[in-house]
Amino acid sequence: MQTDNNNKPDSEKPKTKNFIYEIIDEDLKTNKWGGRVHTRFPPEPNGYLHIGHAKSICLNFGIAEHYNGKFNLRFDDTNPEKEDQEYVDSIVEDVKWLGADFEDRILYASDYFEQMYEYAVALIKSGKAYVCDLTPEEIRATRGTPTEAGKESPHRNRTIEENLDLFARMRQGEFDNGTKTLRAKIDMASPNFNMRDPIMYRIVHAEHHRQGNKWAIYPTYDWAHGLEDSLEGITHSICTLEFENHRPLYDWYLDSLAIYHPQQIEFARLNLSYTVMSKRKLLQLVNEKYVDGWDDPRMPTISGYRRRGYTPEAIRNFAEIIGVAKRDALTDISLLEYAIRDDLNKKAKRVMAVLNPIKVVLTNYDGEEELGAINNPEDPEAGTRKLKFTKELFIEQSDFMENPPKGFFRLVPGGEVRLRYAYIIKCEEVIKDSDGNIIELRCTYDPDTKSGSATSTKKVKGTIHWVSAKYGINAEVRLYDRLFLTENPGNKDNWLELINPNSLDVIKNSIVEPSLKDAVMGDKFQFERTGYFCLDSKFSSTEKLVFNRTVTLKDSWGKKSS
RNA sequence: UGCCGAGUCGUCUAAGGGUAGGACAGCGGCCUUUGGAGCCGUAUGUAGAGGUUCGAAUCCUCUCUCGGCAGCCA
């Protein structure tokens, strides 16, 4: 018997939240934000969202949900040269699919450009910003090094009037790209590079996906981001660790302007083993055709996982499992796989599919019959279905071995195995072609062993899946493996050479049970004993079924060898 | 080696002076007409050295290691 402090169910034990919740709890206690909690997810529309973004979305939305606060989706679209409406659309779709509710708040930094301009003018007027004529090379050369202070720009002490005039003309498009910038006048000797007169505006003559050619100047991230947060009344501006060094600048801008000042909090971004997570690298995989698009099922993108058969619930649960902290981490992919298996186990309809078929002929069986099968043992609501059993069947090639190792308890010459939901069969004869390839197994069935019948008392070690040769339908099955061979390819220069050449295995001639012809996009299946599968949204059609393997079943057989 | 940040089972994450806990992965077993699921059990961790304290993962000092920062990217 246990003592009573062990009797509490998990749900009643106090649940520890991450450090950001602690900060917010404290803020609520001190009434720092008037009881409000307002977070945001601020992607730049320059690529598709990946699982790392999902972590951030779940964090930010989860906080808003937990505290009855609000959550904004805001596009940080301040760099027209890299951004595109296609990315905006995909991001909206992915965030919605994940279930993060931004209500009507799809916001754009570019909508604040006019206001940002006014703020910049205010900073110039207070003597805290100036127009600098230095070229990019000159700016780099005068920035200094970690141990040496930078040099002040010769244009640092222009008059306010001159700065105002020049800045207005920058906006009018009077100057070429790279010839002028607006810089904050802070401290060229600061040990923090971000404070060495950072650039607020650069001249970019490019068409913006939402603003067209209205602007010739664009705000930089540091200048824009705090203003966006401030304008939206964000309370907690949550970002990743690499922005920690930017926080003093974030604070400086907002304090210099004396406007509403959210709190920036940094957490460690997600790194997942055996994949890469930078948008630049993912874009390269797409552009150089290592994968067939941002939504390739091998990609760690949200759209890739969706196409692969992952559910939003699994991804959200994954985000919950991995937690949030400030230390760099490389999360093992098995955590993600656990999350999707756990969810699909409850939801997926069980069916039988033979990926690599070998024919079985039951020499003592004639006619055909229908056998009852359970759609999901985890979910009685899922009901039952009938399976057609016939003289000729297909079983998995790997379920038969002529010379089996110890512990192999499927079909062997002279041995018996149960056919799932059907009979026990015995392998009597192995038929081979002239090259010695096995082309057919001649078996007998034992009529007393029908599943569920009173006469079925015989026990065999193994149960294998099968599909009727007469009624089974052809399908293509696509098996995915990890995209990279090494655990952390992202930190290697030769990362492209580390791509797994066998990350995709297309099986053209699989045979699946006939009920699968009614499968619709979005359905989740467990091919019994094989794994979880879904229809591929890109290649599957009514004429030709194409299934993606979402994840394998956990397999304790032969694990040590792989 | 300037500044900022971080070091807890193999991995991720709790505990913030009072029994180092959970999850995943692993291992062992039970159960099983999916070698799935489920159930039970089990091993493994506070970077190091000093110090304060009755008591330190937690506080102090020093050291070590790792990550980030010198874009007109975000």
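Just so it is clear: chains get the letters A, B, ... in the order the sequence lines come, proteins before strands, and each one is counted from 1.
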For this session: Rounded to the nearest angstrom, tell me the gap between atom CG in A:D328 and atom C1' in B:G67.
Result: 5 Å
For this session: Assign A:G407 to base, sugar-phosphate, or nothing according to its heavy-atom contacts below 4.0 angstrom with the strands shown.
Result: base
For this session: Can you label the angle between the A:W215 ring and the A:Y117 ring as parallel, tilted or perpendicular, going by 30° and 60°?
Result: tilted
Exercise. Between A:K185 and A:D197, does at least one N-O distance fall below 4.0 Å, as a salt bridge requires?
Worked result: no
Problem set entry | Basic-acidic side-chain contact under 4.0 Å: A:R74, A:D229 | yes
Exercise. Out of B:G5, B:C73, B:C72, which has the shortest distance to the side chain of A:K326?
Worked result: B:G5
Exercise. Are any side-chain N or O atoms of A:T275 and backbone N or O atoms of A:P300, one a donor and one an acceptor, separated by less than 3.5 Å?
Worked result: no
Problem set entry | Conformer about C1'-N of B:G71 - syn within 90° of 0, anti elsewhere | syn
Exercise. Is A:E242 paired with A:R269 through a side-chain N to carboxylate O contact shorter than 4.0 Å?
Worked result: yes
Problem set entry | Distance-minimising heavy-atom pair for A:V412 and A:C427 | O-CB, 3.4 Å
For this session: Mind checking A:L241 for me? I need base, sugar-phosphate or nothing, with any heavy atom below 4.0 Å counting as a touch.
Result: nothing
Exercise. Base, sugar-phosphate, or nothing: which does A:L272 touch, judged by heavy atoms less than 4.0 Å apart?
Worked result: nothing
Exercise. Is A:T181 touching bases, backbone alone, or none of the nucleic acid, heavy atoms closer than 4.0 Å?
Worked result: base
Problem set entry | Nearest-nucleotide pick for A:P146, side chain only, options being B:C24, B:A37, B:G2 | B:G2
Seminar exercise, completed: Regarding the side chain of A:F193, the nearest nucleotide among B:G2, B:G35, B:A15 is B:G2
Exercise. When all nucleic acid strands are considered with a 4.0 Å heavy-atom cut-off, which category describes A:L330: base, sugar-phosphate, or nothing?
Worked result: sugar-phosphate
Exercise. If you look at every strand shown and take non-hydrogen atoms under 4.0 Å, does A:F408 touch a base, only sugar-phosphate, or nothing?
Worked result: base
Exercise. Within the structure shown, what part of the strands sits under 4.0 Å from A:V324 by heavy-atom distance: base, sugar-phosphate, or nothing?
Worked result: sugar-phosphate
Problem set entry | Candidates B:A74, B:G36, B:G71 - which lies nearest the side chain of A:R140 | B:G71
Problem set entry | Base of B:U34 paired with side chain of A:R418 (donor-acceptor, under 3.5 Å) | no
For this session: Under 4.0 Å between any heavy atoms, over every strand shown, what does A:K55 touch: base, sugar-phosphate, or nothing? Just pick one.
Result: nothing
Exercise. Of the candidate nucleotides B:C72, B:U11, B:C73, which contains the atom at the shortest distance from the side chain of A:E44?
Worked result: B:C73
Seminar exercise, completed: From CZ of A:R247 across to C1' of B:C69 the rounded distance in Å is 14 Å
Exercise. Pick the nucleotide of RNA chain B nearest each of A:K461 and A:K180; which residue has the one closer to the 5' end?
Worked result: A:K461
Exercise. Is A:P198 touching bases, backbone alone, or none of the nucleic acid, heavy atoms closer than 4.0 Å?
Worked result: nothing
For this session: Give a yes or no on whether a salt bridge exists between A:E22 and A:K17, defined as a side-chain N under 4.0 angstrom from a carboxylate O.
Result: no
Exercise. What's the closest nucleotide to the A:P191 side chain, out of B:U34, B:G2, B:G7?
Worked result: B:G2
Exercise. Salt bridge between A:R210 and A:E83, side-chain N to carboxylate O under 4.0 Å?
Worked result: no
For this session: Just call it for A:P42: base, sugar-phosphate, or nothing, with non-hydrogen atoms closer than 4.0 Å on any strand.
Result: nothing
For this session: Classify the nucleic acid contact of A:Y201 as base, sugar-phosphate or nothing, counting any heavy atom under 4.0 Å across all strands shown.
Result: nothing
Exercise. Ignoring hydrogens and angles, are the base of B:G36 and the side chain of A:E378 linked by a donor-acceptor pair under 3.5 Å?
Worked result: yes
For this session: Name the nucleic acid region contacted by A:Q526, choosing base, sugar-phosphate or nothing; use a 4.0 angstrom heavy-atom cut-off, strictly under.
Result: base
Problem set entry | Dot-bracket pairing map - RNA chain B, Watson-Crick plus G-U, both contacts under 3.5 Å, | cross-strand | .((((((..((((....[..)))).(((((.......)))))....(((((..]....))))))))))).....
For this session: Can you figure out which of B:C72, B:G35, B:U1 approaches the side chain of A:T147 most closely?
Result: B:U1
For this session: Please determine if A:E44 and A:K279 form a salt bridge, counting it only when a charged side-chain N lies under 4.0 Å from a carboxylate O.
Result: no
For this session: Scan A:R143 against the nucleic acid and name what it touches under 4.0 Å (heavy atoms): base, sugar-phosphate only, or nothing.
Result: sugar-phosphate
Exercise. Contact class for A:H225 vs. all strands (heavy atom < 4.0 Å): base, sugar-phosphate, or nothing?
Worked result: nothing
